[in-house]
Student: 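This is the structure I want to talk about, given as structure tokens.
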Amino acid sequence: MKRKKRERNNILLHGSNDICVELNRILWRKRHRIFSLVSFVSGCLILLLFAVSVFSPPPAANLLFLPPHYLARKEIAAVESNAVFQVPTIGGDLDRGLWSTSRSKLYYGCSNASNKFQTADMKTYPNRYLLISTSGGLNQQRTGIVDSVVAAYILNATLVVPRLDQRSYWKDASGFAEIFNVDRFISSLSRDVKIIKELPLKEGKPWIPRRMAVPRKCNERCYQTRVLPVLTKKQAIELRKFDYRLSNRLETDLQKLRCRVNYHALTFTDPILEMGKLLVERMRMKAKHFIALHLRFEPDMLAFTGCYYGGGDKERRELGKIRRRWKALHASNPEKMRRQGRCPLTPEEIGLMLRALGFGSDVHIYVASGEIYGGEETLAPLKALFPNFHSKETIATEAELAPFSSFSSRMAALDYIVCDESDVFVSNNNGNMVRMIAGRRRYFGHKPTIRPNAKKLYKLFMARNNMTWEEFATKVQAFQVGFMGAPKELKPGRGEFHENPTSCICETKGTETIQKETQEEDHENDNNGRDTAEVNDEQDPIEEDLDWIEDDYSDNIKDLPDTDSNVLTKQEQPEVEELFSD
């Protein structure tokens with residue numbers, strides 16, 4: 001009995017063991033299938049994530065800024081074939097010459113007369129008086145004042161203090177003595193030209209001078225053959241609309257006289273100088289170095305150039321309405337103007353150029369400008385790139401500016417002073433203010449003066465979303481060689497003399513030795529010289545472009561007698577140059 005029970009128990013035990021083994025086998029198979037399924041799903045997810053990372057589009061290109069630590073990983077970014085055009089917040093090494101240039105120490109302004117230059121007491125004829133009426137805004141009028149002294153010297157005449165334009169677009173009633181230091185003007189030039197404040201009476205009665213016009217770019221012979229006979233006969237003449245009425249090409253002593261007038265004799269009044277000095281001091285309190293930017297993105301400038309900036313029908317309608325006031329303008333070709341570098345850069349493009357040159361977001365910028373087309377919306381990208389954004393209205397109180405704010409020329413004089421004293425001056429056109437300041441900065445030490453190479457930069461801006469920031473910055477720096485205000489960027493005689501006063505710039509001893517040590521730098525400038533010359537030829541000053549009308553006027557009067565020329569008034573179209581003369 002017991003034996004049968006044991007056999008039954010053994011059978012049951014063996015059966016249970018078999019069942020357990022079978023159950024284990026079933027469970028193992030299920031676990032293996034589940035594990036295989038999980039592995040398969042995980043593999044699919046990994047492949048899916050890899051595909052997304054490879055084929056998904058890059059982050060939005062409108063994210064302007066990268067944090068600084070990304071810049072330390074340039075070698076990684078360079079490897080990424082799908083890198084995005086993203087603007088860094090910091091610039092480059094500003095000690096590499098952006099705030100100054102060592103080559104500038106090799107040159108200095110020199111405008112003393114030679115021993116052959118006759119003094120005023122030796123050559124001024126009695127009863128021979130020259131009056132001039134300037135034209136346009138402050139800086140256009142400045143060119144006329146400077147050239148009037150040289151014209152008086154050529155004519156052996158006494159110069160009456162020039163009469164400023166008070167009826168133009170600028171609507172400034174200021175007289176000469178309210179903007180310029182008239183006593184210094186007269187005394188500083190006493191050895192060169194005799195200057196008086198008013199035309200004397202003739203036989204006890206007011207002397208009415210003969211009014212006449214002079215062609216543009218009139219040289220010595222032109223004045224002697226056209227103006228002198230009338231002056232000899234009438235004894236007193238008034239030259240109207242006197243701006244750019246003197247040739248760029250004169251003998252050296254006459255060019256040096258121009259420089260003595262412009263850079264030494266013609267100074268602003270004490271109130272203007274003191275306020276200008278205060279503005280500069282306040283900029284210096286904010287930063288050791290600062291940039292001054294002449295933005296020149298006003299509606300009238302854009303309308304005249306005929307440029308288009310993507311504002312659709314609204315922009316075309318608004319600027320077209322302004323443009324129609326000049327009947328002599330041809331139909332505009334915005335795309336051609338932009339390709340030729342004749343359109344001002346947008347504020348954003350100016351900002352991108354400066355960042356590419358190495359200026360970071362911590363740099364302070366003083367902006368000299370009127371009403372910006374598009375207002376704050378247009379300025380927003382520039383302010384995002386350079387948040388330290390200032391103007392005379394933001395760094396001075398309304399009460400401090402009150403003596404000047406009702407007079408456009410006096411306000412322009414304040415901007416002139418700050419731009420001249422800035423560490424770097426940046427232009428966005430080649431107008432009168434830019435030319436005058438660029439020439440002055442060359443004369444007083446070749447302080448950096450950046451002119452956008454707009455013709456080359458235009459193409460680069462159009463293609464910027466197809467390249468990395470490093471590629472963009474490298475090309476900007478290459479294109480701007482020859483446009484940074486360094487010595488000898490412009491060849492003698494190229495451009496306006498007021499912008500490039502080569503006759504008044506001398507070299508220090510040892511220049512040749514140092515130049516040999518920098519042959520590679522010179523070679524790079526020479527290679528870019530063709531581009532510079534090309535742009536200077538094609539991208540003439542905006543005011544010269546505005547002189548498309550004035551040039552026609554000059555051609556029309558070449559064969560006319562040098563007598564009273566009031567009949568030419570309709571042909572002059574004065575609004576054109578007055579509006580853009582800054």
Side-chain angles (χ1 to χ4, degrees), residues 62 64 136-140 168-171 291-326 329-354 365-387 389-394 405 408 411-412 415 419 426-434 451-452 454-455 457-458 461-462 539 541-543 545-546 548 575-582:
N62 61 357
L64 285 177
L138 174 69
N139 294 287
Q140 185 168 333
S168 71
Y169 165 84
W170 302 95
K171 296 180 175 63
I291 293 173
L293 168 61
H294 187 49
L295 197 50
R296 207 64 172 100
F297 204 73
E298 292 89 347
D300 47 27
M301 172 61 77
L302 305 186
F304 186 87
T305 57
C307 299
Y308 174 69
Y309 292 92
D313 292 338
K314 180 175 181 291
E315 178 183 328
R316 292 188 181 93
R317 184 171 59 253
E318 291 174 346
L319 298 184
K321 183 178 179 181
I322 300 173
R323 185 176 173 85
R324 283 194 293 273
R325 72 178 65 170
W326 302 293
L329 292 181
H330 303 294
S332 64
N333 186 335
E335 181 62 25
K336 180 179 179 181
M337 294 291 288
R338 194 95 156 114
R339 284 199 312 270
Q340 292 179 344
R342 292 177 178 266
C343 293
L345 303 186
T346 67
E348 180 184 22
E349 290 169 344
I350 287 286
L352 290 173
M353 178 192 73
L354 291 176
I365 294 183
Y366 176 94
V367 177
S369 178
E371 174 196 1
I372 299 300
Y373 182 70
E376 284 300 315
E377 184 179 353
T378 303
L379 284 174
L382 175 59
K383 287 185 175 182
L385 288 164
F386 295 94
F389 191 89
H390 312 283
S391 67
K392 54 184 175 293
E393 289 80 9
T394 64
S405 57
S408 61
M411 293 289 274
D415 280 338
C419 291
V426 181
S427 70
N428 193 22
N429 69 91
N430 208 17
N432 287 302
M433 180 174 175
V434 170
R451 297 174 299 136
K455 185 175 181 180
L457 292 179
Y458 159 69
F461 288 131
M462 294 294 290
Q539 186 183 338
I542 290 293
E543 266 65 37
D545 292 343
L546 303 176
W548 295 336
E575 265 193 326
V576 174
E577 58 182 336
E578 289 165 1
L579 193 52
F580 303 94
S581 61
D582 58 22

Student: Kindly compute the distance separating CE (Met411) from CG (Leu138), expressed to the nearest 0.5 Å.
Tutor: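 Spacing of CE (Met411) from CG (Leu138) equals 12.5 Å.
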Student: Out of Arg323, Arg317, Arg324, which residue meets the side-chain contact (heavy atoms from CB on, under 4.5 Å) rule with Lys321?
Tutor: Arg324
Student: In terms of side-chain heavy atoms, does Thr346 have a donor or acceptor partner in Glu348 at a distance below 3.5 Å?
Tutor: no
Student: For the atom pair CZ (Arg342) and OG1 (Thr305), what is the distance rounded to the nearest 0.5 Å?
Tutor: 11.0 Å
Student: NZ/Lys314 to CG/Leu319 distance, rounded to the nearest 0.5 angstrom?
Tutor: 9.0 Å
Student: Could I get the full list of ring-ring contact (aromatic ring centres under 6.0 Å, His included) partners for Tyr308, not counting sequence neighbours?
Tutor: none
Student: Do Glu315 side-chain atoms and Tyr309 backbone N/O form a donor-acceptor pair below 3.5 Å?
Tutor: yes
Student: With side-chain contact (heavy atoms from CB on, under 4.5 Å) as the criterion, how do Val434 and Arg296 come out once you've worked through the C-alpha distance, each side chain's angles and the decisive distance to 0.1 Å?
Tutor: CA-CA 10 Å; Val434 170; Arg296 207 64 172 100; over 6 Å; no
Student: How many angstroms lie between CG in Leu302 and CD in Glu318, if you round to the nearest 0.5 Å?
Tutor: 11.0 Å
Student: Identify the two heavy atoms, one from Pro452 and one from Leu345, that lie closest to each other, and give their separation to 0.1 Å.
Tutor: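 Minimum heavy-atom separation between Pro452 and Leu345: CB-CD1, 3.6 Å.
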Student: Considering non-hydrogen atoms only, spot the tightest contact between Ser369 and Glu298 and give its length.
Tutor: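 Result for this residue pair: OG-OE2, 3.5 Å.
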Student: Only counting residues at least two apart or in another chain, list the ones meeting salt bridge (charged side-chain N to carboxylate O under 4.0 Å, His left out) with Lys336.
Tutor: none
Student: Using every non-hydrogen atom in the two residues, find where Leu352 and Leu385 come nearest and quote the distance to one decimal.
Tutor: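 Closest pair (atom of Leu352, atom of Leu385, distance): N-CD1, 3.8 Å.
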Student: Shortest non-hydrogen contact from Ser427 to Ile350?
Tutor: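 So the two residues come closest at O-CD1, 4.3 Å.
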Student: Measuring from atom SG of Cys343 to atom NZ of Lys455, what distance do you get when rounded to the nearest 0.5 angstrom?
Tutor: 13.5 Å
Student: If I take atom CG from residue Leu295 and atom CG from residue Leu293, how far apart are they, to the nearest 0.5 angstrom?
Tutor: 5.0 Å
Student: Quick one: closest heavy-atom pair of Pro344 and Met301, and the distance?
Tutor: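 Taking Pro344 first and Met301 second, the nearest heavy atoms are CG-CG, 4.0 Å.
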